[in-house]
Protein chains: 2
Amino acid sequence: MSIKHAILGFLSWEPLTGYDLKKRFMESTTLYWTGNNNQIYRSLVDLHQDGLVTKEVRQQEKLPARKIYSITADGRKALREWVLQPPELPQLKNSFLVQLSWADQLADSELEHLVESYQEEVQVKLLMLQEQFARGNNAPDRSARERLLWRRISSNMISYYQNELNWVQELGQELEAL
Amino acid sequence: MSIKHAILGFLSWEPLTGYDLKKRFMESTTLYWTGNNNQIYRSLVDLHQDGLVTKEVRQQEKLPARKIYSITADGRKALREWVLQPPELPQLKNSFLVQLSWADQLADSELEHLVESYQEEVQVKLLMLQEQFARGNNAPDRSARERLLWRRISSNMISYYQNELNWVQELGQELEAL
DNA sequence: GTTGCCATGTAAGGTGTTACATGATTTA
DNA sequence: TAAATCATGTAACACCTTACATGGCAAC
C-alpha cells in the first residue's frame, strides 16, 4: 500500500495536477498522507513511467505550466487489483501509550496533567471531525453504495476518537480513585 | 518520539543487551516497533555516544561478546523529560479505509468478500490480544499505580479492536441491507 | 505591504523494513 | 536433520517529513 494507489484513486474520478492532488491529500482526514510535494511529484513521475497515467502539459502565461495527469486503462486495472488485495490490519502508533508505560516515575500531579492534556487533544480532534462530517464533506456521490461507504469511513474515524475519549476519561477516573 | 525513548524505558528497569531489547520489542504489542537489529544496535551506539547509557562488554567462550547497556543519570533525566512532553495524537494508518474509498468499482460479491476478510482479521487479532491479556502479560509490577497504568494500556488496545470489529460488522449489515 | 493562492520542483535527513553475514549450542 | 536460541552487526532500499527555491497575482 502506497500513496501511488491513492493518487490513482483520485485520478480515477478526474484528471488532476500535482497541485490539485496535494490539496486533496491535505483536506482528507482518512487518507493519512500529508500531501507533501516530494512524495506527490515523484510518484507522478513513476506512475507516468509505468504507463499508469498520461500527462498533458498546458502552458500558462505567467505561471508554471500545468501538468494534468489522467489515468490510463492500465492504471485503472492496477487500482482495481490493489483494492481487491486482502486487507491488512491498521497500523496504530500511539506514543501516548508509550509515555504511560514509563509514567510511574512521575508525581501524581504530573501524571494527572499528562492525562488531562491527552484528553483535551482527543476531544478537540473529535469535535473537529464531527463538525467536518456534519457539514457534508468532500465525499463523492455517484451511487448509493459509494455514499454509504464514505459515510462509514467517516464514522470509523469518529468512533475511533470517541472510543479513545471514553478510554482516557476512565483512566483519569481510575487514577483519581487510587 | 523515537525508539530511543522506549529503549531508555526498558533500561530504566534493568541493564540489557541489544538482543534482550530486540526480544522485548518483539513481544510487546503496545510498543509498535518491530525490534529489527538495524534500529536497535544503531540506537544503542547513539545513546552511548550521548552519554545516556554505559556499556559493559562481557566476553564469552564460543558466542559473540555480550554488550550490556545500563542507563545513566543523564539517561534517566532524558527519559523523564520525554515522558513529560505534551502528548501527541495517535497516528492511525488504516489502509483498509483507503481501499474502501475506491471500492465502489467492485461487484457486490467482491466488496462483501473484502469486508468479511477484514472482519476476520480484526476478530483474530482481538482474540489474540484478549488471550495475551488474560494470562497476565509481561507487565512490570512495582506499584499499584504502575499496575493500573499497564492494565489500562492493554485495555486501550483491546477496546480499539473491539470498536473496529463492531464498526466492520455494522458495515457488513448496512451493505447487505442495501 | 504581508498573506495566501497558483504551480512546479529539489535537498537533506530521519525512520523503518527486509535481507544478508557469522557461527556455536540446544531442542524437536 | 532441521529449527530455534544466543549474539553481534551491515547493506540496500523504501518511505516520509521539513525546509528550500522560484515567482506572479489577488485580496485585505
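Protein chains get the first letters and strands the later ones, always in sequence-line order, with residue 1 at the start of each.
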| query | For B:T30, what residues pass the side-chain hydrogen bond (donor to acceptor under 3.5 Å, both in side chains) criterion, not counting sequence neighbours? | reply | none
| Taking only residues two or more places apart in sequence or in another chain, which ones pass side chain to side chain contact (heavy atoms under 4.5 Å, CB included) with B:R151? | A:E174, B:F133, B:L148
Please list, one pair per line, the donor and acceptor atoms closer than 3.5 Å that link side chains of residues 72-79 of chain A to other protein atoms, with sequence neighbours excluded.
from, atom 1, to, atom 2, distance (Å)
A:T72, OG1, A:G51, O, 2.8
A:T72, OG1, A:L52, O, 3.1
A:T72, OG1, A:D74, N, 3.4
A:T72, OG1, A:G75, N, 3.1
A:R76, NH1, A:S12, O, 3.4

| Who are the side chain to side chain contact (heavy atoms under 4.5 Å, CB included) partners of A:E131, not counting sequence neighbours? | A:R135
| task | Report the residues that fulfil ring-ring contact (aromatic ring centres under 6.0 Å, His included) with B:Y69, sequence neighbours left out, ordered by chain and then residue number. | result | none
| task | Using salt bridge (charged side-chain N to carboxylate O under 4.0 Å, His left out) as the criterion, list what pairs up with A:K125, not counting sequence neighbours. | result | none
Please list, for nucleotides 9-12 of chain D, all pairs of protein and nucleotide N/O atoms separated by less than 3.5 Å.
from, atom 1, to, atom 2, distance (Å)
D:dG9, OP1, B:K67, NZ, 2.4
D:dG9, N7, B:N37, ND2, 3.2
D:dG9, O6, B:N37, ND2, 2.7
D:dA11, N6, B:N38, ND2, 2.3
D:dA12, N6, B:N38, ND2, 3.0

| Which residues share a ring-ring contact (aromatic ring centres under 6.0 Å, His included) with B:Y19, sequence neighbours left out | none
| remark: Here the ring-ring contact (aromatic ring centres under 6.0 Å, His included) pairs for residues 154-178 of chain B, sequence neighbours left out, are A:Y160-B:Y160
| remark: Sorted by chain and residue number, the side-chain hydrogen bond (donor to acceptor under 3.5 Å, both in side chains) partners of B:D104 (sequence neighbours excluded) come out as A:S143, A:R145
| field | Between the first and last five pairs of the helix from C:dG1-D:dC28 to C:dA28-D:dT1, the angle of the axes, rounded to 10 degrees | value | 50°
Could I get a table of every N or O pair under 3.5 Å where one atom is in the protein and the other is in nucleotides 22-28 of chain C?
none

